[in-house]
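Comments concern the structure below.
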Amino acid sequence: MEISRREIGSITESDIEAFKVYLYEQERSDATIEKYTRDVRKFSETIEGRDTFDKQELLEYKRELIGGYKTSSVNSMLAAVNCYLEFVGAPDLKVKSLKVQKKLFLDENKELTRKDYLKLVAAARRLRRPQIAMIMETLATTGARVSEVRSFTVEMVRRGTVDIVNKGKERTIIITNDLRSKVLAYAEEKGISTGEIFVTRNGRAIDRSGIWKEMKALACEAGVDANKIYPHNLRHLFARTFYRLTKNLAGLADILGHSSISATRIYTASPGSSFKKDISRLDLMAPDSGAQSCA
DNA sequence: AAATACCTGTAGCGCTCTGG
DNA sequence: CCAGAGCGCTACAGGTATTT
């Protein structure tokens with residue numbers, strides 16, 4: 001079999017820099033730029049020492065990846081290299097990604113129940129960790145992403161909506177009255193009257209990895225399997241509960257910021273106030289409760 | 001349905017506070 | 001001023017969401 005002889009010059013550090021600029025100009029997100037450059041660098045290391053490379057090297061690289069990584073990782077790494085090939089004007093060298101079997105069922109023991117969640121909040125209170133308790137309640141009642149917690153400011157909560165700005169695209173998170181008063185009380189107690197609500201002792205906005213660690217640390221005290229304790233699961237809990245109650249899929253997509261249904265809906269007819277009643281009925285605020293200690 | 005773009009889970013490390 | 005706890009950045013793997 002005759003393989004394409006088309007060759008491309010090896011990838012230098014300055015090529016990668018130019019690639020970065022290209023991605024930036026394409027308005028890729030910071031996370032994407034970082035991942036793509038990392039993955040292209042990885043490929044460039046495997047062809048180290050050569051002046052050029054062609055389809056043969058790419059196919060070998062793909063085989064190598066398949067041997068070492070999961071399918072979804074292989075595909076994401078190939079996507080980066082393919083993007084680079086597009087950039088250098090060699091789209092014919094792109095390699096096909098692997099097929100992925102669609103998951104039919106959600107892993108059941110990963111499902112965080114309302115009960116689990118309430119136990120976690122109670123545990124946080126018992127251990128006198130009001131911040132993580134408040135963050136968990138905030139995530140559960142808004143369905144926000146963990147990285148969005150940093151966007152919550154006193155001003156926005158006071159207003160009842162939190163704006164998440166993402167590269168020109170804005171999304172509004174609805175704060176129920178229950179959550180609003182509780183968060184404001186929390187902020188006041190902490191002496192925070194303006195700006196970000198969830199901050200570390202240095203006054204900087206809390207990082208998502210910190211939230212993750214705090215949540216994991218509550219597993220024992222709460223008596224909940226640590227494997228299902230992670231921030232994103234609170235978003236799932238919110239989504240499930242909302243849908244079970246309202247059967248309103250379009251509305252849910254809006255609240256979660258899924259643009260595929262209709263991103264503009266939320267700004268039209270009933271921006272929030274109609275959801276507000278529905279969300280309030282979810283009853284996801286944890287009751288203030290007493291103390292007990294962990295073994 | 002497949003490809004692409006983006007985001008989260010998770011571990012580790014090094015810096016920085018804080019209490020003694 | 002030191003030890004240890006806390007913090008938060010970084011990196012990588014892999015999952016999720018959106019576009020084609």
Side-chain angles (χ1 to χ4, degrees), chain A residues 19-20 22-43 45 62 64-87 91 94-107 110 112 127-129 131-132 135 139 143-151 164-169 171 196 198-217 219 225-239 249 252-263:
Chain A
F19 180 51
K20 260 177 158 169
Y22 166 78
L23 291 171
Y24 180 77
E25 284 170 352
Q26 301 261 311
E27 299 185 60
R28 298 283 185 265
S29 82
D30 292 349
T32 303
I33 296 173
E34 212 176 293
K35 172 152 177 64
Y36 279 22
T37 50
R38 200 167 56 231
D39 290 348
V40 168
R41 202 168 264 137
K42 186 184 175 75
F43 170 66
E45 276 160 19
K62 178 176 172 179
E64 229 172 82
L65 290 177
I66 292 169
Y69 297 102
K70 284 209 188 176
T71 306
S72 52
S73 298
V74 172
N75 283 347
S76 65
M77 290 171 179
L78 292 180
V81 171
N82 281 342
C83 184
Y84 178 80
L85 293 170
E86 186 77 46
F87 160 65
K94 286 192 193 176
V95 289
K96 285 237 184 294
S97 57
L98 307 175
K99 292 197 198 312
V100 279
Q101 177 80 52
K102 245 204 164 177
K103 251 201 264 173
L104 290 171
F105 302 103
L106 227 70
D107 194 349
K110 280 255 171 132
L112 188 74
L127 296 174
R128 303 225 153 59
R129 318 204 63 127
Q131 183 184 59
I132 190 63
I135 288 175
L139 289 173
R145 296 188 180 94
V146 60
S147 58
E148 292 165 350
V149 165
R150 333 181 81 206
S151 304
I164 309 285
V165 182
N166 224 340
K167 216 176 259 224
K169 192 167 128 188
R171 144 165 174 258
E196 289 108 345
F198 300 112
V199 293
T200 64
R201 62 170 178 215
N202 306 321
R204 270 175 292 199
I206 192 165
D207 183 78
R208 66 189 173 82
S209 70
I211 296 171
W212 178 84
K213 277 173 197 164
E214 294 251 18
M215 282 180 67
K216 285 288 185 194
D225 179 8
N227 286 320
K228 55 178 171 179
I229 303 179
Y230 48 89
H232 202 66
N233 235 349
L234 293 174
R235 186 167 155 91
H236 282 301
L237 174 63
F238 172 88
L249 201 60
L252 179 60
D254 282 346
I255 294 166
L256 296 179
H258 296 169
S259 58
S260 58
I261 300 235
S262 169

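By convention in this document, chain letters (A, B, ...) are assigned in the order of the sequence lines, proteins followed by strands, and residues within each chain are numbered from 1.
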Problem - Nearest listed nucleotide, side chain of A:K96, among C:dA13, B:dT10, B:dA3 - result: B:dA3
Exercise for the section: Ignoring the backbone of A:R145, work out which of B:dT8, C:dC7, C:dG14 is nearest its side chain. Expected result: B:dT8
Handout entry: Gap between atom CZ of A:R235 and atom CZ of A:R145 - 0.5 Å precision
Key = 4.5 Å
Problem - Base C:dC7 paired with A:S209 side chain (donor-acceptor, <3.5 Å) - result: no
Handout entry: Sugar-phosphate, base or nothing in reach of A:Y69, heavy atoms under 4.0 Å
Key = sugar-phosphate
Handout entry: Separation of B:dT4 C1' from A:D39 CG (nearest whole Å)
Key = 13 Å
Completion exercise
A:S76 has its side chain closest, among C:dG14, B:dT8, B:dA11, to C:dG14
Practice task
Could you check whether A:K216 gets within reach of a base, just the sugar-phosphate, or nothing at all, counting any heavy atom under 4.0 Å?
Solution key: sugar-phosphate
Handout entry: Listed nucleotide nearest any side-chain atom of A:S72, set B:dT8, C:dG15, B:dC6
Key = C:dG15
Fill in the blank from the handout: Side-chain contact check for A:R208: nearest option of C:dA13, B:dA5, B:dT8 is B:dT8
Practice task
Look at the side chain of A:N82 and decide which nucleotide, out of B:dG9, B:dT4, C:dC9, has an atom nearest to it.
Solution key: B:dT4
Problem - Side chain of A:R150 (C-beta onward), nearest among C:dC9, C:dA13, B:dG9 - result: C:dC9
Exercise for the section: Considering just the side-chain nitrogens and oxygens of A:S73, establish if one lies under 4.0 Å of OP1 or OP2 belonging to C:dA13. Expected result: no
Practice task
Select from A:S97 and A:K35 the residue whose nearest nucleotide in DNA chain B is closer to the 5' end of that strand.
Solution key: A:S97
Exercise for the section: Choose from B:dG9, B:dT4, C:dC7 the nucleotide whose nearest atom is closest to any side-chain atom of A:H232. Expected result: B:dG9
Practice task
Select base, sugar-phosphate, or nothing to describe what A:K213 touches, counting heavy atoms under 4.0 Å on all strands.
Solution key: base
